[in-house]
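Remarks on the structure that follows.
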Number of protein chains: 2
Amino acid sequence: MHYEIENVAKTLKAARESKGLSQRALGKKAGVLQAQISKFENGAVDLRLSSLIALARALDLELALVPRKVTPAVQSIIKSSERPAVTRSDEQRRTQNALVNLQKTLDNVTKLKPEVKELAQLARYARDFERFQIALPDTKIFQNANKAIEQFKKDAENLNKIRDSLAQFESLRNKLAHAYIDPEALKPIRPAYNLDEDDGDG
Amino acid sequence: MHYEIENVAKTLKAARESKGLSQRALGKKAGVLQAQISKFENGAVDLRLSSLIALARALDLELALVPRKVTPAVQSIIKSSERPAVTRSDEQRRTQNALVNLQKTLDNVTKLKPEVKELAQLARYARDFERFQIALPDTKIFQNANKAIEQFKKDAENLNKIRDSLAQFESLRNKLAHAYIDPEALKPIRPAYNLDEDDGDG
DNA sequence: TCAATAGATATATTTATATGTATCAAAAAA
DNA sequence: TTTTTTGATACATATAAATATATCTATTGA
């Protein structure tokens, strides 16, 4: 028996079971007899394409013909889509927290000094960065910006540090633009402002 | 006839033609009659799975069952694989180099310590990342992995750093898998100064 | 213990693919 | 033009899937 058919059968069976469907239930949904499904799952039958597609569709799967050289990438996508949540590394979590802290600080100070356009610019960049979490560098750049703003709060004449941060942000934004990732596709990462903060950096 | 079957048929036909194969040539390669191929390409027949797989394999294609929610990402990957190489920025080129270096180091050390499964895992991830070049973060994560491995070479007891890298890689891969890569992003990159809508430079 | 549901099989019939061979028109190459 | 190749069909038969119905065993729940 074709090992590739076996593979398809296994995938289908796994999908069915992961959805908690019995062979009869799936059969009803897909318009295929239970007996037929049983036979296919056990490699006892060489399904017709229409049957396969009917089954796949009932299981929210789509048939794709994938060029050999990109199958690893595709398999990788499929596998991680089966994973429940996206786990982030500590590094990424820390970066995320730094970004959130920055946004809070910005919110705060902008209320006090709404006329300072650099603050608005920083805020705009920070909002952009939310969508690019996967590609963000370490926390330092955000922490520095945070400090710059806090300093500015005390010494309203001194915009230098803020402008430095702005330049850094601009540069980062440019870099990120080279790797555009559809924000819609980014998994439901918790809203920026509701993150649990175990931070301690300031 | 099922539009999904039509779709498969079209894909197969396109693949055959792009390889410059006649129906007879393909038939010989796949062990399928020319008449059968003609009928299938015209939607006049409901192929059996074994025949479909034979044809696909002869065309360097693989059958995959893709969860609906990630089909856009998969389609995107497939499409970009059909495109010629993309010109990359210096940043991306550097990242690419770091990735290649990492793979070399891995190759090297894996020969010395083939029993360490973490190395194999890192290699697997690294291979995956090749497909996602446009969306990779900066070089650091790869350089760190590289260092971790070099360290491990001297101190074979110490797997901690390698495990850290592994966690980072896993996380990155998850992100990448969820991130639909807009094919548009592979086209010419906008110059940095046009990125933001309304601000002049501070 | 009894009832319900699960998956694996069995059988008979219908239907369609698979196979093999062959032909035909159109397009491409000689 | 002539020859060759290509893709679309036609028709035979063999084979296997699809369909429908039913049974069996094991498991799960009441």
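First the proteins, then the strands, lettered A, B, ... as listed; each starts at 1.
- Rounding to whole angstrom units, CG of residue B/Asp46 and P of D/dA16 are separated by 17 Å.
- Distance CD/A/Gln23 to CD/A/Glu17: 8.5 Å, rounded to 0.5 Å.
- Of the possible donor and acceptor atoms, one in the side chain of B/Thr105 sits under 3.5 Å from a partner among the backbone N and O of B/Asn101.
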Pairs under 3.5 angstrom only: tabulate donor-acceptor contacts from the side chains of residues 106-122 of chain B to other protein residues two or more places apart or in another chain.
{"from": "B/Thr110", "atom 1": "OG1", "to": "B/Leu106", "atom 2": "O", "distance (Å)": "2.5"}
{"from": "B/Glu118", "atom 1": "OE2", "to": "B/Arg163", "atom 2": "NE", "distance (Å)": "2.9"}
{"from": "B/Glu118", "atom 1": "OE2", "to": "B/Arg163", "atom 2": "NH2", "distance (Å)": "3.0"}

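- Side-chain atoms of A/Arg48 lie closest to D/dA18 of the nucleotides C/dA18, C/dT19, D/dA18.
- In this structure, the helix from C/dT1-D/dA30 to C/dA30-D/dT1 shows an angle of 50° between the axis at its start and the axis at its end, each fitted on 5 base pairs and rounded to 10°.
- Here the nucleotide nearest the side chain of B/Leu33, chosen from D/dA17, C/dT19, D/dT21, is C/dT19.
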Checklist entry - In the 5'-to-3' direction, what one-character label does each nucleotide of nucleotides 25-30 of chain C receive under the scheme B = base within less than 4.0 Å of a protein heavy atom, S = sugar-phosphate only, - = no such atom? => result ------
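- In this structure, the side chain of B/Ser38 does not engage the main chain of B/Gln34 through any donor-acceptor pair within 3.5 Å.
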Checklist entry - After noting the C-alpha distance and the side-chain angles of B/Asn146 and B/Glu150, does the key distance pass the side-chain contact (heavy atoms from CB on, under 4.5 Å) rule? => result CA-CA 6 Å; B/Asn146 216 319; B/Glu150 295 286 8; 4.2 Å; yes
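- The A/Val45 side chain lies nearest to D/dA17 when the options are C/dA18, C/dT17, D/dA17.
- Between the CD atom of B/Gln36 and the C1' atom of D/dT15 there is a distance of 13 Å, given to the nearest Å.
- Annotation for A/Ala15 and A/Ser18: closest pair O-OG, 3.1 Å, computed over non-hydrogen atoms.
- Between B/Phe40 atom CZ and C/dT17 atom P there is a gap of 11 Å when expressed in whole angstrom units.
- Shown here are the side-chain contact (heavy atoms from CB on, under 4.5 Å) partners of B/Ala25, two or more places apart in sequence or in another chain: B/Leu21, B/Ser22.
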Next on the checklist: Working note: B/Ile149 + B/Leu102, criterion side-chain contact (heavy atoms from CB on, under 4.5 Å); need CA distance, chi angles, decisive distance, verdict.
Outcome noted: CA-CA 9 Å; B/Ile149 297 163; B/Leu102 172 61; 3.6 Å; yes
Contacts under 3.5 angstrom, residues 50-65 of chain B side chains, donor-acceptor by atom type, not counting sequence neighbours:
{"from": "B/Ser50", "atom 1": "OG", "to": "A/Asp46", "atom 2": "OD2", "distance (Å)": "2.4"}
{"from": "B/Glu62", "atom 1": "OE2", "to": "A/Arg68", "atom 2": "NE", "distance (Å)": "3.0"}
{"from": "B/Glu62", "atom 1": "OE2", "to": "A/Arg68", "atom 2": "NH2", "distance (Å)": "2.8"}

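- In this structure, A/Leu47 reaches the sugar-phosphate backbone alone: every heavy-atom distance under 4.0 Å involves primed, P, OP1 or OP2 atoms, never a base.
- Among A/Gln36, A/Lys10, A/Arg16, the single residue meeting the side-chain hydrogen bond (donor to acceptor under 3.5 Å, both in side chains) criterion with A/Glu41 is A/Arg16.
- Atoms CD1 (B/Ile5) and C1' (C/dA16) sit 13 Å apart, rounded to a whole Å.
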Taking only N/O atoms, report every protein-nucleotides 2-7 of chain D pair under 3.5 Å with atom names and distance.
{"from": "D/dG7", "atom 1": "OP1", "to": "B/Arg16", "atom 2": "NH1", "distance (Å)": "2.9"}
{"from": "D/dG7", "atom 1": "OP2", "to": "B/Gln23", "atom 2": "N", "distance (Å)": "2.7"}
{"from": "D/dG7", "atom 1": "N7", "to": "B/Arg24", "atom 2": "NH1", "distance (Å)": "2.9"}
{"from": "D/dG7", "atom 1": "O6", "to": "B/Arg24", "atom 2": "NH2", "distance (Å)": "3.3"}

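- Under 4.0 angstrom from either OP1 or OP2 of D/dA18 there lies at least one side-chain N or O belonging to A/Ser51.
- D/dA18 atom P lies 11 Å from atom CD1 of A/Ile37, rounded to whole Å.
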Checklist entry - Can you check side-chain contact (heavy atoms from CB on, under 4.5 Å) on A/Phe40 and B/Leu49, steps first, answer last? => result CA-CA 11 Å; A/Phe40 178 62; B/Leu49 186 49; 4.0 Å; yes
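- For A/Leu52 and C/dT17, the CG to C1' distance is 16 Å, given to the nearest whole Å.
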